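Take a look at the structure set out below.
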Amino acid sequence: MARSSTLLVAAVLATASYSATQLFVGPSSAQLRSTALQARGGGEYDISDADIANFYAEVTTGGGGDPPKGTVVSELIVKFFHGEFTPQGFKRYSG
């Protein structure tokens, strides 16, 4: 019985010391290189300057006005931004 508790204590101390070194030492240089490569992109989510320009042109055109009825965006806008100010506070449109 004493031998098994000694092994348990040794295992707990070993795990704690390993965790402490990982916490305070930080990632290895191989992990840093891997993270740097992932941060550069390269894969299915490549975005070019042309893609950004097309997106900007798409979202900045239009005549304004209310969004079309029945869509999720229009319902959220109506729910949170349409209403009137009363002496009791802002009353949201509920129709």
Side-chain angles (χ1 to χ4, degrees):
M1 185 71 176
R3 181 158 174 83
S4 64
S5 64
T6 304
L7 288 175
L8 179 63
V9 169
V12 168
L13 288 175
T15 304
S17 64
Y18 176 76
S19 298
T21 58
Q22 293 300 312
L23 179 66
F24 295 115
V25 172
S28 67
S29 61
Q31 289 172 332
L32 290 175
R33 283 192 299 269
S34 173
T35 303
L37 286 174
Q38 291 172 356
R40 288 187 200 142
E44 62 182 287
Y45 299 111
D46 290 336
I47 297 174
S48 67
D49 290 338
D51 294 332
I52 295 170
N54 290 339
F55 173 77
Y56 183 77
E58 182 181 326
V59 298
T60 57
T61 59
D66 294 333
K69 285 196 172 279
T71 63
V72 173
V73 173
S74 66
E75 295 300 322
L76 288 173
I77 290 172
V78 168
K79 180 178 180 182
F80 290 103
F81 297 109
H82 285 213
E84 59 184 299
F85 288 100
T86 65
Q88 290 82 26
F90 182 74
K91 300 291 183 187
R92 289 190 175 127
Y93 175 75
S94 61

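All values below come from the heavy atoms of this structure, side chains included, with hydrogens, waters and symmetry mates left out. Since this is a predicted model, take the numbers as computed values, not measurements.
Within the hydrophobic cluster formed by Ile, Leu, Val, Met, Phe, Trp and Tyr side chains joined at under 4.5 Å, directly or through other members, Y18 stands alone, with no partner residue.
For T71, the side-chain hydrogen bond (donor to acceptor under 3.5 Å, both in side chains) criterion is met by S74, not counting sequence neighbours.
Sorted by first and then second residue, the side chain to side chain donor-acceptor pair (under 3.5 Å) pairs with a member in residues 49-61 read S48-D51; sequence neighbours excluded.
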